[in-house]
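Single-structure report; data block below.
Order of the sequence lines fixes the chain letters, A, B, ..., with proteins taken first and strands second; residue numbering starts at 1 for each chain.
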Number of protein chains: 2
Amino acid sequence: MLLHFKNRFPQLAPYWDKYVQFQKRTAVPAKTVLLHEGKVSGNYIFVEKGCIRAALNTNGTDKTMQFFFENEGLTSLESFIKNAPSVFTIETIEPSVIYLLPKVHVKALIAELIHEPEFFKLMLSVFAERQIHYMNEFASFIRDTPEQRYLNLLANSPHIIKRVPQHYIASYVGITTVHLSRIKSKIARGNSHF
Amino acid sequence: MLLHFKNRFPQLAPYWDKYVQFQKRTAVPAKTVLLHEGKVSGNYIFVEKGCIRAALNTNGTDKTMQFFFENEGLTSLESFIKNAPSVFTIETIEPSVIYLLPKVHVKALIAELIHEPEFFKLMLSVFAERQIHYMNEFASFIRDTPEQRYLNLLANSPHIIKRVPQHYIASYVGITTVHLSRIKSKIARGNSHF
DNA sequence: TTAATTCGGTAACATATGTTATCGCGGACC
DNA sequence: GGTCCGCGATAACATATGTTACCGAATTAA
């Protein structure tokens, strides 16, 4: 993970190098839970290979919120920052290779980098991107019908649809697997709105 | 607006003072558009008095995304940072008194403050809060039924329901005004799920 | 003040989506 | 090879939500 940042931000190389030793590389099978909903997040997670999802559990039904693939990093921000119980579960979809960087070291890294304007800009842009991402997801739910959300996904992130089992996609667009099947067959029959 | 920050972060007082002169205080009537969807945001907006909403327009139907009240600040982040067209409109609900701080000065302020660790922490926490907010809204749409969303609003933000016209609330929870009326009368009859 | 407009409630009907159940395919495991 | 199980399709029915239309109260404009 830190190597990934190092490639993107070589100016800060000495900092990354110093913390490389603390991250743990692990290979895990599919359906491995990396963080349980309700537990406090202890690590920043980086995906080297494989595929991970964040999921909510409501009255026994599992709903997928987000997907992560190679070269993406994630954590439960609220849990990480505030030591609050995570609202979602983090789980592998495929057998994956991940890096874990414990929270203490992330905090130490940030404390060291707090004087570096380059790092400041990096953090702000990362945070801004995430905020914009979630805001757009939120806006999409207010604005779009589930069918439209599926079509958007098909248009903007076809790799997700190709790679991820369909029942995860269904809850992600806000519907049941049955209804997603209906939508797909409707599209296949050429009866979509487009 | 800057006075607001000055009260909360007196350590940075000299910076706030310097920029106070650039902000413009304005009183505007209800239903005044402060930023049109599709336009680039030019100001950071701070609400001294009144009430503002962010809204999306889809095929002629107006949908409310968020409400802002006294002592809250807002802008279209994507538009502000990337000079991208704003995805939403910003409009007053009530007659309001607002402060506008032009983008150039906000950027200059950030550029000056970039070396202040206190400011760094402030910015990160502001950004983190916003991200958590939008993420929770997003999660709520995946997890909850519209009726549940209305009940959540009633429990967590009753001031919004008391203060804002109901048709804005309806689109905010993701339904039509007709259906919101149904839900309300159902609750009044004591038939809600709780 | 009256007149106009906005806002919220309700009904009847149309459509979208959920629920439950069944089937079939294909991979995992022995 | 066979058996089990995860996954996706489909049907029939139930429920949730949208659409249109109408009414009356409340607010605003003249």
Side-chain angles (χ1 to χ4, degrees), chain A residues 29-32 51 53 55-56 58-64 67 91-95 140-151 153-154 160-189 191-194, chain B residues 28-32 50-51 53 55 58-64 67 91-96 140-151 153-154 160-189 191-194:
Chain A
K31 298 199 181 186
T32 304
C51 168
R53 72 192 183 99
L56 302 162
T58 329
N59 338 324
T61 31
D62 173 289
K63 313 213 171 178
T64 299
F67 302 102
E91 185 184 87
T92 55
I93 295 177
E94 305 173 359
S140 162
F141 266 100
I142 287 196
R143 178 175 42 208
D144 303 327
T145 172
E147 175 170 349
Q148 186 58 55
R149 270 179 62 78
Y150 180 73
L151 289 168
L153 199 64
L154 207 51
I160 294 183
I161 293 182
K162 282 178 201 142
R163 190 163 174 185
V164 168
Q166 187 162 315
H167 58 282
Y168 295 145
I169 307 269
S171 60
Y172 174 72
V173 299
I175 56 178
T176 59
T177 56
V178 176
H179 194 58
L180 179 53
S181 273
R182 276 195 286 245
I183 289 174
K184 284 181 68 177
S185 69
K186 180 176 165 192
I187 293 172
R189 291 196 314 274
N191 287 342
S192 105
H193 295 322
F194 302 91
Chain B
V28 292
K31 299 198 181 185
T32 303
C51 168
R53 72 193 183 100
T58 329
N59 337 326
T61 30
D62 172 289
K63 312 213 172 178
T64 299
F67 302 101
E91 186 185 86
T92 55
I93 295 178
E94 305 173 357
S96 305
S140 163
F141 265 101
I142 287 196
R143 179 175 43 210
D144 303 328
T145 172
E147 175 170 349
Q148 187 59 54
R149 270 178 63 77
Y150 180 73
L151 289 169
L153 199 64
L154 206 51
I160 294 183
I161 294 182
K162 281 178 203 144
R163 190 163 174 184
V164 168
Q166 187 162 314
H167 58 281
Y168 295 144
I169 307 268
S171 62
Y172 174 73
V173 299
I175 56 178
T176 59
T177 56
V178 176
H179 194 56
L180 179 52
S181 273
R182 276 195 286 245
I183 288 174
K184 284 181 67 176
S185 68
K186 180 177 166 192
I187 293 172
R189 290 197 313 275
N191 287 340
S192 105
H193 296 322
F194 302 91

Distances under 3.5 Å between protein N/O atoms and the N/O atoms of nucleotides 25-28 of chain D, please, pair by pair.
none

Check whether any side-chain nitrogen or oxygen of A/Thr176 sits under 4.0 Å from OP1 or OP2 of C/dG18, and answer yes or no.
yes
Is the distance from OP1 or OP2 of C/dT17 to the nearest side-chain N or O of A/Thr145 less than 4.0 Å?
yes
For A/Thr177, all residues meeting side-chain contact (heavy atoms from CB on, under 4.5 Å), sequence neighbours excluded
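Partners of A/Thr177 under the side-chain contact (heavy atoms from CB on, under 4.5 Å) test: A/His167, A/Ala170.
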How close or far is atom [atom2] of [N] from atom [atom1] of [X], stated in whole angstroms?
{"X": "A/Ile183", "N": "C/dG18", "atom1": "CD1", "atom2": "C1'", "answer": "12 Å"}
{"X": "B/Ile175", "N": "D/dT19", "atom1": "CD1", "atom2": "P", "answer": "12 Å"}
{"X": "A/Arg163", "N": "D/dC7", "atom1": "CZ", "atom2": "C1'", "answer": "18 Å"}
{"X": "A/Phe141", "N": "C/dT17", "atom1": "CZ", "atom2": "P", "answer": "12 Å"}
{"X": "A/Asp62", "N": "D/dG6", "atom1": "CG", "atom2": "P", "answer": "14 Å"}
{"X": "A/Gln148", "N": "C/dT15", "atom1": "CD", "atom2": "P", "answer": "19 Å"}
{"X": "A/Lys162", "N": "D/dC7", "atom1": "NZ", "atom2": "C1'", "answer": "20 Å"}
{"X": "B/Arg149", "N": "D/dT17", "atom1": "CZ", "atom2": "P", "answer": "12 Å"}

Tell me, please, which residues at least two apart from A/Phe67 pass ring-ring contact (aromatic ring centres under 6.0 Å, His included).
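Testing A/Phe67 for ring-ring contact (aromatic ring centres under 6.0 Å, His included), a comparison that skips the adjacent residues, returns A/Tyr172.
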Rounded to 10°, the angle between the first-five-pair and last-five-pair axes of the helix from C/dT1-D/dA30 to C/dC30-D/dG1 is 50°
List the residues meeting side chain to side chain donor-acceptor pair (under 3.5 Å) with [X], not counting sequence neighbours, and say none if there are none.
{"X": "B/Ser171", "answer": "none"}
{"X": "A/Lys63", "answer": "none"}
{"X": "B/Arg143", "answer": "none"}

Those residues at least two apart in sequence (or on a different chain) that pass salt bridge (Lys or Arg N to Asp or Glu O under 4.0 Å) with B/Arg53 are B/Asp62, B/Glu91
Selection [range] - residue pairs positive for salt bridge (Lys or Arg N to Asp or Glu O under 4.0 Å), sequence neighbours left out:
{"range": "residues 161-178 of chain B", "value": "B/Glu70-B/Arg163, B/Glu94-B/Arg163"}
{"range": "residues 170-180 of chain B", "value": "none"}
{"range": "residues 167-181 of chain A", "value": "none"}

Please examine the side chains of A/Ile187 and A/Leu151, heavy atoms only from C-beta on, and report whether any two atoms are closer than 4.5 Å.
yes
If we only count heavy atoms from C-beta on, is the A/Val164 to A/Thr64 side-chain gap below 4.5 Å?
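The answer is no; the side chains never approach within 4.5 Å.
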Protein within reach of the bases, or only the backbone? For nucleotides 4-10 of chain C, mark each nucleotide 5' to 3' as B, S or -, using heavy atoms under 4.0 Å.
---SSBB
